[in-house]
Enquirer: 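I'd like to ask some things about the structure below.
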There are 2 protein chains.
Amino acid sequence: MDDRDVLYRRVAADLREAVAGGVYGSDGRLPAESTLAEHYGVSRGTIRQALALLRAGGVVTSRRGTRRVVLGAAPAQSFAELLSFTTWARSIGEEPGGMLESLTVRPGEEEELTRLRLRAGAQVYAALRVRTLSGRPVMIERTCYPARVGEIVARLPADTVSYTERLLDHGIVFADAEHTIDLAFADADDARLLGCPEGAALLRERRRTTDPAGRPVEWSEDRYLPGTVAFTVHNSIATSTLSRLRSAAQQRGQ
Amino acid sequence: MDDRDVLYRRVAADLREAVAGGVYGSDGRLPAESTLAEHYGVSRGTIRQALALLRAGGVVTSRRGTRRVVLGAAPAQSFAELLSFTTWARSIGEEPGGMLESLTVRPGEEEELTRLRLRAGAQVYAALRVRTLSGRPVMIERTCYPARVGEIVARLPADTVSYTERLLDHGIVFADAEHTIDLAFADADDARLLGCPEGAALLRERRRTTDPAGRPVEWSEDRYLPGTVAFTVHNSIATSTLSRLRSAAQQRGQ
DNA sequence: TAGTGGTCTAGACCACTTG
DNA sequence: AAGTGGTCTAGACCACTAT
């Protein structure tokens with residue numbers, strides 16, 4: 001619906017579909033920007049905005065002097081599908097579930113306060129949840145919320161499937177996220193809740209999410225059983241949002 | 001030098017520096033686009049191009065109706081630092097090393113051919129390398145090259161530190177990459193070369209890189225010892241290049 | 001040399017946030 | 001109501017690729 005009321009997004013969606021439908025062949029050349037502008041009855045600037053979306057997603061190349069070339073089909077995954085375990089699970093045809101193990105209100109630890117940009121001594125709401133796919137536990141979620149958000153979370157039933165959707169109902173919008181992906185080892189809680197040996201390796205994603213105004217809304221550490229998920233990123237010489245860090249070696253378990 | 005000859009990149013670099021230097025404070029508001037345009041003596045469009053770079057990197061927010069707000073300092077990591085183990089290692093003050101264990105020319109397997117977009121039966125150059133940080137093995141790199149690139153690789157000494165830089169000398173440019181990050185278990189080769197138990201968990205990054213024309217130049221599977229690296233990605237509701245996949249469960253070892 | 005995408009300008013109008 | 005960023009247009013010139 002957001003794609004409908006803005007011209008360049010409409011064009012982008014149409015082009016994405018054309019590429020996915022093989023209209024230009026795989027590794028085929030796209031029409032020139034001027035041709036597309038004429039075809040869609042818009043200015044070249046609008047076409048370029050549309051194509052910038054495709055380029056960022058790794059759908060097409062762009063290079064001075066030559067037509068754009070198809071790089072691959074679009075993952076076509078929305079921001080929501082990435083942030084919400086529930087939305088993601090449904091998109092792959094699985095039945096998502098969630099069960100709150102504990103929710104405590106306590107003074108935030110140093111890193112939590114930094115990430116949530118709270119003053120020293122501020123209270124945080126810390127939730128521990130088990131996430132399931134078709135009833136099978138696959139992920140442990142440890143999330144810290146600032147009071148403003150935590151107060152809403154605290155009123156949700158323990159078996160609420162999607163916190164994200166409920167928060168959205170209350171006007172909490174997720175706009176930006178910073179993800180760090182590495183490996184961690186199961187602690188006693190992880191082992192008990194996921195049914196794996198203590199010390200087993202898990203794929204870890206830590207994430208800080210902010211709202212449109214730039215205020216942190218959550219700081220989460222998710223731990224997945226091996227073989228359940230993989231993360232993919234596209235980056236290019238033009239837009240690089242991915243980077244490699246020296247590991248902080250601050251793993252919780254082990 | 002590329003940043004020098006284009007106006008909006010110069011402006012972006014300057015703004016990035018100003019943000020990092022705390023000129024606007026953390027979570028402070030940036031000047032209006034029109035103000036910046038006047039200050040730099042450029043059009044608003046150019047300012048918007050510069051700010052789009054910062055936004056993509058998670059440095060600032062952007063939202064209709066209000067000034068932009070500082071989200072965080074820029075990782076300031078270049079595309080090269082991400083693709084090249086060597087460049088990355090140097091940037092964190094470590095001494096990179098590499099030793100070729102084997103290089104074989106053989107008919108490509110199905111997935112390799114698909115990734116490199118080669119016809120059935122085509123030959124690939126498959127390299128197995130150990131990468132070290134200050135002499136300590138931290139990563140195993142299994143890379144497939146198409147003949148065009150492999151022929152260059154085959155002529156490099158076994159202890160060549162940076163393949164990327166040598167390939168660049170030969171006009172092979174890396175422009176786009178698709179990364180998949182998950183977890184794998186050490187096979188016999190991994191265990192022997194990294195000095196870890198067989199079956200130990202490793203952080204895996206699979207990557208297909210293409211040149212500016214969209215032709216694949218490498219397909220690589222890298223396996224890192226735990227605690228040596230972490231990957232970070234920024235994404236926003238506006239630009240989402242990250243996605244979550246159901247794991248393909250096609251791990252090599254175990 | 002012709003055609004392409006990259007950069008830059010100037011101006012217009014609109015949707016939205018904030019006081 | 002004023003100010004802000006988002007969208008869109010029209011046109012210009014340039015750097016680069018291909019033939």
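Each chain gets a letter, A, B and so on, in the order its sequence line appears, and its residues count up from 1.
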Enquirer: Between the side chains of B:Glu205 and B:Arg131, is the shortest nitrogen-to-carboxylate-oxygen separation below 4.0 Å, so that they form an ion pair?
Expert: no
Enquirer: Please list, chain by chain and in numerical order, all residues satisfying side-chain hydrogen bond (donor to acceptor under 3.5 Å, both in side chains) with A:Asp222, sequence neighbours excluded.
Expert: A:Arg207, A:Ser220
Enquirer: Please determine whether a side-chain nitrogen of the Lys or Arg among B:Glu109 and B:Arg142 lies less than 4.0 Å from a carboxylate oxygen of the Asp or Glu.
Expert: no
Enquirer: Which protein N or O atoms sit under 3.5 Å from an N or O of nucleotides 15-19 of chain D?
Expert:
residue : atom : partner : partner atom : Å
D:dA15  : O4'  : A:Arg64 : NH1          : 3.2

Enquirer: Under 4.0 angstrom, heavy atoms only, what part of the nucleic acid is B:Arg44 near: base, sugar-phosphate, or nothing?
Expert: base
Enquirer: What contact category does A:Arg68 fall into here, base, sugar-phosphate, or nothing, at under 4.0 angstrom with non-hydrogen atoms?
Expert: sugar-phosphate
Enquirer: What pairs of donor and acceptor atoms, side-chain ones from residues 58-71 of chain A against any protein atom, are under 3.5 angstrom apart with sequence neighbours left out?
Expert:
residue : atom : partner : partner atom : Å
A:Thr61 : OG1  : A:Val69 : N            : 3.1
A:Ser62 : OG   : A:Arg55 : NH1          : 3.4
A:Arg68 : NH2  : A:Glu33 : OE2          : 2.8

Enquirer: Which residue, A:Thr46 or B:Ser62, contacts DNA chain D at a nucleotide closer to its 5' end, judged by nearest heavy atom?
Expert: B:Ser62
Enquirer: I'd like the 5' and 3' limits of the part of DNA chain C contacted by chain B, with heavy-atom contacts below 4.0 Å.
Expert: C:dT7 to C:dT18
Enquirer: For B:Arg29, check side-chain hydrogen bond (donor to acceptor under 3.5 Å, both in side chains) against everything at least two apart and list the hits.
Expert: none
Enquirer: Using the test ring-ring contact (aromatic ring centres under 6.0 Å, His included), find all partners of B:Phe85 that sit at least two apart in sequence or belong to another chain.
Expert: B:Trp88
Enquirer: Which heavy-atom pair separates A:Arg129 from A:Gly98 by the least distance, and what is that distance?
Expert: NH2-CA, 4.2 Å
Enquirer: Using 4.0 Å as the upper bound for N to carboxylate O, is an ion pair formed by A:Arg106 and A:Glu112?
Expert: yes
